[in-house]
Number of protein chains: 2
Amino acid sequence: MDTQSLQAFLAVAESGSFSRAAEQLHLTQPAVSKRIAVLENQIDARLFDRIGRGISLTEAGRLLLPRARQILVMVDDSRRALGNLEGSVGGSLTLATSHHIGLHRLPPLLKAYTRAHPEVRLDLHFLDSEEAYQGVLDGSLEIAVVTLAPHPDPHLEVEPLWVDRLGFVCAHDHPLASRGRLDLHELCEFDAVLPGPLTFTRGLIEARFAAAGLRLPVALSTNYLETLKMMTAIGLGWSLLPERLVAGELHELTIDHPPIHRPLGYIVHRSRTLSNAARAMLAMLEAAREPFARAAGR
Amino acid sequence: MDTQSLQAFLAVAESGSFSRAAEQLHLTQPAVSKRIAVLENQIDARLFDRIGRGISLTEAGRLLLPRARQILVMVDDSRRALGNLEGSVGGSLTLATSHHIGLHRLPPLLKAYTRAHPEVRLDLHFLDSEEAYQGVLDGSLEIAVVTLAPHPDPHLEVEPLWVDRLGFVCAHDHPLASRGRLDLHELCEFDAVLPGPLTFTRGLIEARFAAAGLRLPVALSTNYLETLKMMTAIGLGWSLLPERLVAGELHELTIDHPPIHRPLGYIVHRSRTLSNAARAMLAMLEAAREPFARAAGR
DNA sequence: GCGAATGGAGACCGAAGGGCTCCTGGGCGG
DNA sequence: CCGCCCAGGAGCCCTTCGGTCTCCATTCGC
């Protein structure tokens, strides 16, 4: 009972004649006869009574007719839906980001996106970068806009968009604030307030200190930069925060060390087909790319 | 986009693997690959992303999945409905009968039928026999239980069930009532009250008189035997009525003429498939057949 | 890091199906 | 009563579809 047979059945039922159904289907009449015969064999019942010149539906035919019509309409509908998919932006977009990016980078983008594509249901998740990476890998996320990992999974396509310069900061009344030029081991004399040990940003910092043969004196950590900033401001220790987050509320230390940057960008799965909604989002993200971010992030 | 492809698509989507889908469908894995490939070519979009070991749906796949499921459910449902048709009695039964039969022969049958098959919606029409014949011929009626025509259309299957012996009757105070043995031409001296000129019963009567070279002196006619009986009872003329209808209320004349019988029975279209509801009705009608009616009616 | 295992896809082949042409047969109208 | 219309059957051919074999990529274990 495939769509071909049902189509033949419908054509015959509606035209009231095998021959007319045939020309309507661009087939010959015997072909239509065969299709109906196949269908009748499958269901083990006659669908039409052949009476003289005309035909009429049997009870089985009357039973099948509305269902056949419904099935074919649905098939046609599916075909059309798939055809319209080409180019149309719709459906839902599952997107993950970090709190920091979601708060400081994405708002204007998301606003523009939802205005440009109101049919898209945005499914926005705030996740740690590691979870976001995993989500993109296993397909539960289409896009993640996060801190970029230093050695990303080869399955992932990683596009840097922005670079955060991380500044060493402390509260204005912190002992370090009164010092002049510092180097890393001097920092180690004081407690640090840093992102969680499994974050990429923490990894960046740890790497720098490890390279200098130092261990970080971390007093406490949290994954939310806003919280880190607050804890630093009340004097719990020094921290390393994006400079745009500090904005005078904290004292920025001058450290005798090359500046630390962290790349932010989006990741998508390399071999997964992106939805149109996702492609539109990527286009917007690309348009928001900072100059030189690409080179800096690589 | 036929049901086979959709089934393969659904199996792959649900099992998450071409191979598992294959064994589920009792096919080999390449066959499933091919079906999906055909489907993907038809809709000109990939349905699955093949990533390493596993697969995942693309946007097109996600769009198609619920529709495919719905379509297949509907196909399955149709198949089951057609399967259940075999043997199950339901739907509606369009049945025609004459007033006389409907009043005097069918009531117990209809009562038993509706009790045995409460799911059947009885669509009962009271029609003149000629209209009923036409209705069965053109398919607007499944069964007609009527006075049987002498020369039925060859498309019709005609089954005699009962025989009405028609008796010549008049009112007890009618001039004829006092006479003894009569012959046909004596009857012609008095007005008759008979069924309408186009009824089969009327035809039977006319034929007898015509064979004797007589013309019927019809005062008035109506198609309802009950009305004829009433009109006869009030003395408007003599009539020819089923003896079981008379039951002492009228005077039965003794006529020097072989008795007139009219066959009652059902007619169905010879080449039309009967619904189960109709077959069940026919079985009941056959069970109610009077002995010898079959022979007498032929 | 290399080999084995797993899973999908392509090449090829055989069988089946489905379409076409031609023809038959039954009904219906002239 | 003959011709026409229309459904169905026969034979033929090509397409399709499924199976086997094989390849290739990925992944997992050692």
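A note on names: the letters A, B, ... follow the listed sequences, proteins ahead of strands, and every chain is numbered from 1.
- Within 4.0 Å (heavy atoms only), B/Thr28 reaches at least one base atom of the nucleic acid.
- With sequence neighbours left out, the salt bridge (charged side-chain N to carboxylate O under 4.0 Å, His left out) criterion links A/Arg69 to A/Glu14.
- Applying the salt bridge (charged side-chain N to carboxylate O under 4.0 Å, His left out) criterion to A/Glu157, with sequence neighbours excluded, gives no partner residue.
- Which of D/dG8, D/dT27, C/dG8 sits closest to the side chain of A/Phe18 comes down to D/dG8.
- Candidate nucleotides D/dT20, D/dA7, C/dC28 were compared by shortest atom distance to the side chain of B/Pro30, and D/dT20 ranks first.
- Listed by first and then second residue, the side-chain hydrogen bond (donor to acceptor under 3.5 Å, both in side chains) pairs involving residues 39-48 of chain B are B/Glu40-B/Arg50 (not counting sequence neighbours).
- Comparing the start and finish of the helix from C/dG1-D/dC30 to C/dG30-D/dC1, five pairs each, the helix axis swings through 20°, to the nearest 10 degrees.
- The salt bridge (charged side-chain N to carboxylate O under 4.0 Å, His left out) test applied to A/Arg67 returns B/Asp77, not counting sequence neighbours.
- Within the structure, side-chain hydrogen bond (donor to acceptor under 3.5 Å, both in side chains) contacts touching residues 22-35 of chain B (residues at least two apart or in different chains) are B/Gln4-B/Arg35, B/Gln29-B/Ser33.
- For C/dT6, neither phosphate oxygen OP1 nor OP2 lies less than 4.0 angstrom from any side-chain nitrogen or oxygen of B/Ser19.
- For the pair B/Leu27 and A/His155, both in contact range of DNA chain D, the more 5′-proximal nearest nucleotide belongs to B/Leu27.
- A/Ser275 is linked by a side chain to side chain donor-acceptor pair (under 3.5 Å) to A/Glu142, counting only residues two or more places apart in sequence or in another chain.
- Residues meeting the salt bridge (charged side-chain N to carboxylate O under 4.0 Å, His left out) test with A/Arg208, sequence neighbours left out: none.
- Between the side chain of A/Gln4 and the base of C/dG18, no donor-acceptor pair under 3.5 Å is found.
- Near DNA chain D, meaning a heavy atom under 4.0 Å from it, residues 31-50 of chain B has B/Ala31, B/Lys34, B/Arg35 in order of number.
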